[in-house]
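Taking it in order: structure first as structure tokens, then the write-up.
In what follows, every chain begins at residue 1, and chains take the letters A, B, ... in the order their sequences are listed.
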Amino acid sequence: MILHRLLIAVIRLGIAAAFLILLVEVGYVLLGGADRHVWDLSSYRDHSAGAEIVVTGWGDKWKSASTHTLLVLALAYGGALLVGYIWGVLAARWRRMGGKYLLSAIFSAFAAVPPFWFAIAVAIFSYFSWQRPGFADDWVVDQGPDVLSWWNAAVVALPAMAAATGWQIRAVAEVLEKEAGLPYVRGLFYSGYSDENIFYGNVFRRSLPDLVALIDSTLPFLLGCIIYVEWAFRYAGIGRLFVEGVRQGIYEDILMGGVWMAIVVCIARFCREVIAGLLKKS
Amino acid sequence: MGNRRKSKSELWANQALAKLWQLRFVLFLASLYLLLAGWLFSGAHNVGVRPSDVYTVSEIPAWKAPDAEHWFGTTGTGLDLFRLSWVGMATSFSVAAVAAALGIGLAHLLVALFVFDPGEKRFRLLNSACRSVGILPAMAVLIVLAGGSGGKQEVVIIVLAFLVCLHLAPVIANWFREGEEGFDVLAAYALGLSRLEIVRGRVSRKVIRRYPGIFAALVPSLMLVETALSFLGMGGDRITCGSLIAYGQGLIIEAPWMALYPGIMASVVVLAFSLLGWLVNRAVRAEQIVRFL
């Protein structure tokens, strides 16, 4: 089963890469009127002069950007999953009091704030209240524990996480509420089972495959959000490279950035499918 | 006099009044939504400024910090930032509204291609295709196309509409599937109505009634996307809150209000539209439940 899923994931990645190439061609040549086709090698940067130096720098740049963005993603995605699932279950328990809306309200309100503006507002606050550089590229820690890189990653991750968490809470609660609305739940209640026993012993257990299906649903949104928050906060991640690539028409940066995001989504989807398959078996 | 049969127009008026009464919550919330949109557009006309005028900073800048006269302060050329933010949000709203309407229409047409197929798995192809496109983040797709085309407004609207269509089509397909499982539909089959008649006359109408709610809930999200796109410099030659924030980002030491206040305006307006959109969407659904019962 795992090999079968892996093959599907590779095919999906191939489709995404082909779609990306098509997008670049349509965006730049058809709509933008550029004369550099995406399949033409001369459209890419000229590495002939000092090829070794350029290629080494290019690889290092992508490695460093990947590390930075993975840290942001770990914070945002991990936070959204952790808070989303725990609060979602709690919201379903409080379904008679509108727990779904109550618990997700604060995240939904935060989601109305433009994420890129939030990052800039943090930088302004940092300049004027803490009297220290605000944007991610202003200051580098060269000795001692690098707490600053965690702070920078948290600022980029927070606005993306807030919106994803709100969505995750509602989605988890909806799955559980749907299951709790089935006739067998009423039957169990009339048979004398306690509310808690019915919820955790039956409703939650039976909804597990549907809950697992929600694991990767916020990931494309998170990645899309991180792209422009990184740009706004001048955070040296994949998103910033991607946006700079688009602004300057550097095809290799656009393709690498797009494929990097597609790989992350494909891995998450593959994990979800494998876990769902194992749950189905058990 | 007491037993007089009511005339046709009288009956029609009664029915219309009853319908309006039934829709009172939806109408009230929708009118609030439209009032807010109207307020946005009331400040958008005759501003007479080109984006190049806004973003020019002279050697001796004419900016002013926020005061009683200029709530959000002024730009480097002395233009009122509140007014510009107001115009910016109206621009974002108009782009979002057109894209949302087009996207919903396209999604309906796309689902309509599959809905009359009697097979159990009729939406499978549609769902798989839409899921496959979702591997690439929608924002990345939008940035590539808008950035590549130089931020042309029509390109932004069309791409947004297509993205809305791809994300909404599986949801609409699900509504059609659920709609065909209702007791009233089973009764219609028992009465001998054809599938075409049932889908067209009963299920489609139920689904279409949900669209105003979806539109109201979609617009604030698309406004945020449009603002983000302008912030990245891919929103074309338009004044929006995103481009104003991007302009202010370069001056956060000298004039921090230029990046701060347009963002507050955008947050408040989007929050208000989100809240009203959510309420309209809920009211539309609740009205459907009442009708069904």
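For Leu31(A) against Ser149(B), the heavy-atom pair with the smallest separation is CB-CB, 3.5 Å. Shown here for Ser267(B) and Pro114(A), the closest heavy-atom pair between the two residues is OG-CD, 3.2 Å. For Phe116(A) against Gly242(B), the heavy-atom pair with the smallest separation is CZ-CA, 4.3 Å. Residue Gly147(B) comes nearest to Val246(A) through the heavy atom pair CA-CG1, 3.7 Å, listed as atom of the first residue, atom of the second, then distance. What you find for Gly134(B) and Val265(A) is that their closest heavy atoms are O-CG1, 4.5 Å. Across Leu223(A) and Pro137(B), no two heavy atoms sit closer than the pair CB-CG, 3.8 Å.
Of the two parts of Phe125(A), neither the backbone nor the side chain holds a non-hydrogen atom closer than 4.5 Å to a non-hydrogen atom of chain B. Neither the backbone nor the side chain of Val269(B) comes within contact range of chain A; no heavy atoms are under 4.5 Å apart. With a 4.5 Å cut-off on non-hydrogen atoms, Ile253(B) touches chain A through its backbone and its side chain both. Only the side chain of Val155(B) comes within contact range of chain A, with at least one heavy atom under 4.5 Å from a heavy atom of that chain. There is no contact between Phe118(A) and chain B, counting heavy-atom distances below 4.5 Å. With a 4.5 angstrom heavy-atom cutoff, Ile15(A) does not touch chain B via any of its atoms.
Under the 4.5 Å side-chain criterion, counting only non-hydrogen atoms from C-beta, Ile135(B) is not in contact with Phe19(A). Side-chain contact between Met234(B) and Tyr228(A) is absent, with no heavy atoms from C-beta onward closer than 4.5 Å.
Open room surrounds CD1 on Ile106(A); 12 or fewer heavy atoms of other groups in view lie less than 6.0 Å from it. Other residues, nucleotides and ligands contribute more than 12 heavy atoms inside 6.0 Å of the CZ atom of Phe93(B). By the 6.0 Å contact criterion, CZ on Phe25(B) is open, its count of non-hydrogen atoms from other residues, nucleotides or ligands being 12 or less. Other residues, nucleotides and ligands place no more than 12 heavy atoms under 6.0 Å from the CH2 atom of Trp71(B). Tyr251(A) OH: more than 12 foreign heavy atoms inside a 6.0 Å radius. Counting non-hydrogen atoms of other residues, nucleotides and ligands closer than 6.0 Å to CZ of Arg177(B) gives a total above 12.
Under the 3.5 Å distance criterion, the side-chain polar atoms of Trp117(A) are matched with a main-chain donor or acceptor of Ala259(B). Between the Lys152(B) side chain and the Gly32(A) main chain, no donor and acceptor come within less than 3.5 Å of each other. Without hydrogens or angle criteria, Gln249(B) side chain to Ala232(A) main chain gives a donor-acceptor distance under 3.5 Å.
Proximity to chain A among residues 216-232 of chain B is limited to Leu224(B), Thr227(B), Ala228(B), Phe231(B), Leu232(B), judged by heavy-atom separations below 4.5 angstrom.
With chain B as the partner, the residue from Leu23(A), Leu20(A), Val113(A) showing the most heavy-atom pairs under 4.5 Å is Leu23(A). Interface summary for chain A: among Ile252(B), Val268(B), Ile264(B), Leu271(B), the most heavy-atom pairs under 4.5 angstrom belong to Ile252(B).
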